[in-house]
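These notes concern the structure reproduced below.
Just so you know, ligand 1 is whichever comes first in the structure, and atom 1 is the first atom listed for that ligand. Nothing here was measured: the structure is a model prediction, and the numbers come from that model.
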Amino acid sequence: MNDTAITPPPALDAGKVELPPPVLPDGRVNFVGLTREELAAEFAKLGEPAFRAKQLWQWIYVRGLTSFDAMTDMSKGLRAKLAERFHIARPQIARHQQSLDGTQKWLLRQADGQEIECVHIPEEDRGTLCVSSQVGCTLSCKFCHTGTQRLVRNLEPAEIVEQVLIARDVFGEWPAPDAGRKLTNIVMMGMGEPLFNYDNVAKALKIIMNGDGIAVSRRKITLSTSGVAPMIRRCGAELGVMLAVSLHAVTDELRDRLVPLNRKYPIAELLAACRGYPGVSNARRITFEYVMLKGVNDSPADARELLRLLAGIPAKVNLIPFNPWPDSSFECSDDAAIDVFSAILMKAGYVSPIRTPRGRDIMAACGQLKSASERVRKSSAPALATSAPIQA
Ligand code: SAH
Ligand code: SF4
């Protein structure tokens, strides 16, 4: 297999929506979404020294400013020039929900009215933001609610970065405190397949990782893919983030059904790409996600076959109890079955945590995300009726 060849992602399907224009009618460009290099080039065009670009970057990504007026160390003339050329955008928070377990979910409305969800999961020693990469998802994994959403488009780099900015706004982490931060980790595990929107995801992550600004390190960022094998090496080489792979089945026959992308990139090809993931080692293990579906993929024999498949790959296995959603056709495995499965993996030396479902009561757990606008149209899910918009 040649895992350096890049297969272009399949075209977005019939439900595709067009991107909003990147420039406002008055000609201003969204500042968010420019890389440091692009910003440096803009400043060179304006005839401004490079250190000014760094100052501006810090105002926006360390202090969280959304207007140029308060940037007191810049001359009035420069502030006016910047305000003519750029705006600093935030999406509208169309709805905010908080789970009994502290998980929060935001429904973010983009400039074109399309909506995405973004989730914050607080834990004792960290706070993880689950970020979306697409409106909906073109892949229709059988157990995933996002995969049932008809309208799909890629998110722009700015729309990905803005999810982080919104979270910092809500937590008041401008600047982020040295200790006790609410946002420490990022997982690209929200709506969408990040490797089908690789260029925009890569640009956004470079902005998020930049040490002068948001500065979340690549070790604290995990990108989850359903198995776009040809893009995996590039992701590792260019971004160096932690990798998670949604495996979910140990035979091609079953995985073809659960994760239809497997028909294109079968298990052997996917695992070969994982073996070649740049920087993979015991310190930087690949996480294999495995959703526990009752009577489908949860037998001891499945666990033993999983061990055989993963042999030689520095890996940990995240067992995810299936999170139900309206009309889903699976059941979650029994606790006893999950425990047996986990014990087989642990006995073989694998770290195999059972992921505690978080935010199920607000449909914020893995695989439950779907834009509310879509859900309203198709059904009247109670999660919506009980939540209140916090910002118009
Ligand atoms: N598209 C990417 C990332 C988003 S999904 C991917 O598939 O990897 C994040 C994780 O949640 C994936 O492992 C996905 O398979 C899993 N998931 C999807 N639906 C689920 C459900 N109903 N219950 C539990 N996990 C689910
Ligand atoms: Fe898309 Fe991931 Fe859901 Fe599959 S599990 S439909 S790839 S979001």
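- When atom types are taken as modelled, the side chain of R79 and the backbone of D69 share a donor-acceptor pair closer than 3.5 angstrom.
- No chain of hydrophobic side-chain contacts below 4.5 Å, direct or via other Ile, Leu, Val, Met, Phe, Trp or Tyr residues, connects I286 to M242.
- Using the six-membered ring where Trp is involved, H248 and F143 have ring planes that are perpendicular, over 60° apart on the 30 and 60° scheme.
- Taking hydrophobic clusters as Ile, Leu, Val, Met, Phe, Trp and Tyr residues chained together by side-chain heavy-atom distances below 4.5 Å, I338 does not share a cluster with I320.
- Remark: minimum distance from atom 23 (N) of ligand 1 to any protein heavy atom is reached at N323 N, 2.9 Å.
- A donor-acceptor pair shorter than 3.5 Å cannot be found between the side chains of N30 and E156.
- Heavy atoms of G190 come nearer than 4.0 angstrom to ligand 1 in at least one pair.
- Residues R233 and P278 approach most closely at O-CG, 3.6 Å, considering heavy atoms.
- Residue M189 belongs to a hydrophobic cluster whose other members are V187, with links defined by side-chain heavy atoms closer than 4.5 Å.
- Protein heavy atom nearest atom 10 (C) of ligand 1, with residue, atom name and distance: E289 OE2, 3.7 Å.
- W106 and F171 have perpendicular rings, their planes meeting at more than 60° on a 0 to 90° scale where under 30° would count as parallel.
- Ligand 1 has no N or O atom lying under 3.5 Å from any N or O atom of F322, backbone or side chain.
- Counting heavy atoms closer than 4.0 Å to ligand 1, residue H248 contributes side-chain atoms (C-beta onward) but none from N, CA, C or O.
- Shortest contact from atom 18 (C) of ligand 1 to any protein heavy atom: G367 CA, 3.4 Å.
- Scanning all protein heavy atoms for the shortest distance to atom 21 (C) of ligand 1 gives C366 O, 3.3 Å.
- In this model, no donor atom of one side chain and acceptor atom of the other lie less than 3.5 Å apart for D339 and S342.
- The main-chain N or O of S133 is found under 3.5 Å from a side-chain atom of N197 such that the two form a donor-acceptor pair.
- Other residues, nucleotides and ligands contribute over 12 non-hydrogen atoms within 6.0 Å of the CG atom of D212.
- With hydrogens left out, the protein atom closest to atom 6 (C) of ligand 1 is S246 OG, 3.4 Å, a heavy atom.
- When only non-hydrogen protein atoms are considered, atom 2 (C) of ligand 1 lies nearest to S224 O, 3.5 Å.
- For atom 9 (C) of ligand 1, the closest non-hydrogen atom of the protein is M189 O, 3.6 Å.
- Taking a cut-off of 2.8 Å, the protein N, O or S atoms nearer than that to atom 1 (Fe) of ligand 2 are C137 SG.
- The residue from V228, L261, V201 that alone fulfils the side-chain contact (heavy atoms from CB on, under 4.5 Å) condition with L195 is V228.
- Counting heavy atoms under 4.0 Å from ligand 1, residue T225 touches it through the backbone alone.
- No chain of hydrophobic side-chain contacts below 4.5 Å, direct or via other Ile, Leu, Val, Met, Phe, Trp or Tyr residues, connects L183 to V62.
- Close contacts between ligand 1 and W325 involve ligand atoms 22 (N) [criterion: under 4.0 Å to a heavy atom].
- Counting only distance, with no hydrogens or angles, the side chain of Y290 and the backbone of A303 share no donor-acceptor pair below 3.5 Å.
- Contact annotation: for E193 versus ligand 1, heavy atoms closer than 4.0 Å belong to both the backbone and the side chain.
- Remark: minimum distance from atom 1 (N) of ligand 1 to any protein heavy atom is reached at G192 O, 2.9 Å.
- Between the side chain of D298 and the backbone N or O of G295 there is at least one donor-acceptor pair closer than 3.5 Å.
- Checked by distance only, ligand 1 and V291 stay at 3.5 Å or farther apart across all their nitrogen or oxygen atoms.
- Residue contacts with ligand 1: F330 is excluded, as none of its non-hydrogen atoms falls under 4.0 Å.
- Heavy-atom contacts of I320 reach the following atoms of ligand 1: 24 (C), 25 (N) (cutoff under 4.0 Å).
- Under the 4.0 angstrom criterion, atom 3 (Fe) of ligand 2 counts as having a protein heavy-atom contact.
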